[in-house]
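Here's the structure we're looking at; comments come further down.
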Amino acid sequence: MTAETAALVAPRETARRIPLGWLWSAALLVLLTFLVIYPVSMLLLGALTNTNPVVDGFGVLDISLSNFITVLGNPNVHFALANSLIACGGGTALAVIIGLTFSWVVVRTDTPCKRFIAAASMIPLFVPPLVAAVAWSILASPKTGLLNTIIKWAGIDFHFNAYSMEGMIAIFGIYYAPYVYMFTASALRNMDPALEEAAEVSGASAVRILFTVTFPLIAPAILSGMLLSFIVMLGIYGIPAVLGAPSDIPVLTTYIFKLTNWSPPLYSTAASVAIILMIVTGFLVFLQQKVVSGRSYITVAGKAFRPGVMKLGAWRYFTFALAVIYLVVVVVLPTLALIVAGFRKFLFIRDVHALFDLNAYSLIHFQRLFENPLAMRSIWNTMEVGLITALFGGVLAFSIGYTVNRTQATGRRAIDVISTLPIAIPGLVIGVAYLWAWIGLPGGLYGTIWILALAFIARFMPDTIKAMSTSLLQIHKELEEAAWICGKGLIGTIRTIVLPLARPGVIAGMTLLFILAIRELGSSLFLYTSNTMVMAVLLLDYYEGGNVGITSAFSLVQTALLAVLIGIAHFLSRGGASARVGGTS
């Protein structure tokens, strides 16, 4: 069987090999309706009425647009929306500058240690936004910040202020630059250098070539990374809560949470604002998908080539220094700040000499942290939620990825569309939706670990499916057809052929899900109880209670936990790459 014939026959063969394929598709659609459609529908219903139909019954529903009209005319909403656009717009502009600079340095220059620079550019992806904000509040607090103490000691008339719009923009920009880097680095690698060479022959300078040829050619990739980073920032709660709240700078996410904490809680108004946020995010996701679908026709040529490398001369050490400075800003300084605050008895530091007084350091904050039963329970709850999310979410994502990419099962297009919908729903909105959907429903799901896990599975389903589908698409269908010819059934083929080959991608997808679940704050805020509190919520609670020392100690524990998990996942993925198909030798 030739490869072309196999490619044509395989889908039909795959469909035939799924017994009762329509039943399998129906089961997946029911599950997705339970996870995505039902909560979002209840959120919309909640925004259109002042009663919760799950709690009060559908008989008292009074559907109207009054909540939307009230919200759209509310100056507080306008203020929060304007702040969101300014903070995310400024952060996106900074992220584009950083991400584009490093992608150009890594792909198109002869800067030394480019692997180190590429790795450094991706590190912020693994730093929880809440931890980053807490660390920078310790570093750049206007009065007691460590950086300001050092600057004052040096006699410089300047100070940082993290509790400001500029502070939020800076933190958004430096921690979300990797989203731009991923898109632009890939585009630069795939770009045919012929036009740049033509411009060089015509006498154009290197800088002019960069801004008139190179960057315009990868403009779709820049735009796509820009939109993605803007979308992600729009749904973040931790950074505005830590840096914006002290200066009374609300954004949409913090405003939604504030509405649910008023007495009495304004759940319908919060649902209306959440729907508006979801519509804005959905439109941006649609725009980003359109840009992604149309970018390859500009930059990728059909012949083999190698991207041109610019000789920077002595400037290569300058570009290397930029990478080192970036690493110091996003990793070294925040980690040092957390270590100082976590181990120091009192955070007030009179001068630089007091910073090195070893008598001022102790393990008191760690001792208080681990003596608190709630903290230990939150760590246990977080591990439990992360494990459930990774296992069940991983199985679901693999099932959806296999059904969509490797079969012609009935309804697979609908499965694909519904499973992708959560990409346009910020975590905070998922939390509000699940609150509306399950708070009064019998069965006891609300208030348990399971509702947190289900919300996380729904929230991160598109990311997990994408990670696993990439591995599935790399496996040629001929291998499965060979197994069928040898008499293997569908389950046997998946177990002995597909899973061993896709194992690195499956492990990476499940680990990604575990890490995202541990970091998630937005959804957790609406779904936790005193028995199901998770680390991210307790960490924010400690910070808002003024316990900066314990907050820092807890941040270090969370960071260490994430580092260990990432290390284990990396080890398992490397082992999987060398696994033999079907376990045979």
Side-chain angles (χ1 to χ4, degrees), residues 85-109 111 113-129 132-133 136 166-191 207 209-211 213-236 239 284-285 287-289 291-292 295-296 298-300 307 309-310 312 315-316 318-334 423 463 466 512:
L85 296 178
I86 293 170
C88 299
T92 301
L94 184 58
V96 168
I97 293 170
I98 296 172
L100 189 57
T101 301
F102 282 118
S103 61
W104 175 73
V105 167
V106 170
V107 180
R108 306 304 291 272
T109 72
T111 301
C113 304
K114 289 198 287 189
R115 282 191 176 185
F116 162 76
I117 298 172
S121 302
M122 300 302 291
I123 285 178
L125 279 183
F126 302 105
V127 180
W136 273 96
E166 293 81 4
M168 280 200 292
I169 289 173
I171 301 305
F172 270 139
I174 60 177
Y175 282 94
Y176 290 92
Y179 289 94
V180 179
Y181 172 86
M182 286 188 293
F183 280 91
T184 52
S186 174
L188 283 171
R189 284 193 189 93
N190 293 327
M191 194 177 77
V207 175
I209 291 172
L210 197 62
F211 286 95
V213 179
T214 308
F215 289 164
L217 276 176
I218 62 165
I222 298 171
L223 185 60
S224 185
M226 188 175 73
L227 286 171
L228 182 62
S229 58
F230 188 90
I231 292 163
V232 175
M233 291 176 200
L234 206 57
I236 293 294
I239 292 174
L284 291 171
V285 168
L287 205 60
Q288 195 252 354
Q289 296 294 332
V291 171
V292 170
R295 72 171 175 148
S296 62
I298 293 178
T299 60
V300 179
V309 174
M310 185 180 292
L312 295 179
W315 284 97
R316 61 201 292 264
F318 173 74
T319 51
F320 175 71
L322 286 179
V324 173
I325 292 170
Y326 180 66
L327 189 65
V328 168
V329 169
V330 299
V331 177
V332 178
L333 283 179
I423 200 170
D463 305 89
K466 187 177 180 183
L512 175 70

Between atom CG of Leu234 and atom CG of Leu85, what is the distance when rounded to the nearest 0.5 Å?
7.0 Å
Does any part of the side chain of Ile174, heavy atoms only, come nearer than 4.5 Å to the side chain of Val329, both counted from C-beta?
yes
Should the pair Tyr176 and Tyr179 be assigned to parallel (<30°), tilted (30 to 60°) or perpendicular (>60°) ring geometry?
parallel
Could you give the distance from CE (Met233) to CD1 (Ile169), rounded to the nearest 0.5 Å?
10.0 Å
Work out which heavy atom in Val330 is nearest to a heavy atom in Pro124; give both atom names and the distance.
CG2-CG, 4.0 Å
Identify the heavy atoms of Ser103 and Thr184 that sit nearest to each other, and give their distance.
OG-OG1, 3.0 Å
Nearest 0.5 Å, what's the OG1-OH distance between Thr101 and Tyr326?
11.0 Å
Quick one: pull up CE in Met226 and CG in Leu287 and give me the separation to the nearest 0.5 Å.
9.0 Å
Between CG on residue Leu322 and CD1 on residue Ile117, distance to nearest 0.5 Å:
8.5 Å
Dump the intermediate steps for side chain to side chain contact (heavy atoms under 4.5 Å, CB included) on Phe172 and Leu94, then the final yes or no.
CA-CA 8 Å; Phe172 270 139; Leu94 184 58; over 6 Å; no
If you count the non-hydrogen atoms of other residues, nucleotides and ligands that lie under 6.0 Å from NZ in Lys466, is the total more than 12?
no
For Val106 and Arg189: C-alpha separation, side-chain torsions, deciding distance, then whether side chain to side chain contact (heavy atoms under 4.5 Å, CB included) applies.
CA-CA 10 Å; Val106 170; Arg189 284 193 189 93; 4.2 Å; yes
Please report the interatomic distance CD1(Ile97) to OG1(Thr92), rounded to the nearest 0.5 Å.
11.0 Å
Please list, chain by chain and in numerical order, all residues satisfying ring-ring contact (aromatic ring centres under 6.0 Å, His included) with Phe230, sequence neighbours excluded.
none
Could you tell me which non-hydrogen atom of Thr111 sits nearest to which non-hydrogen atom of Lys114, and how far apart they are?
O-CG, 2.9 Å
Heavy atoms only: give me the nearest Val105-Thr109 pair and the separation to one decimal.
O-OG1, 2.5 Å
Sub-3.5 Å donor-acceptor pair from the side chain of Ser186 to the main-chain atoms of Met182, do we have one?
no
As a quick check of understanding, evaluate side chain to side chain contact (heavy atoms under 4.5 Å, CB included) for Leu210 and Phe215, giving each step before the final call.
CA-CA 6 Å; Leu210 197 62; Phe215 289 164; 3.8 Å; yes
Decide yes or no for Thr214 and Leu188: does some side-chain heavy atom of the first lie under 4.5 Å from some side-chain heavy atom of the second?
yes
Worked check of side chain to side chain contact (heavy atoms under 4.5 Å, CB included) between Ile218 and Leu100
CA-CA 10 Å; Ile218 62 165; Leu100 189 57; 3.9 Å; yes
What is the minimum heavy-atom distance between Ser229 and Val180, and which atoms define it?
OG-CG2, 4.1 Å
Closest heavy-atom pair, Tyr175 versus Trp136, reported as atoms and distance to 0.1 Å, is OH-NE1, 3.4 Å
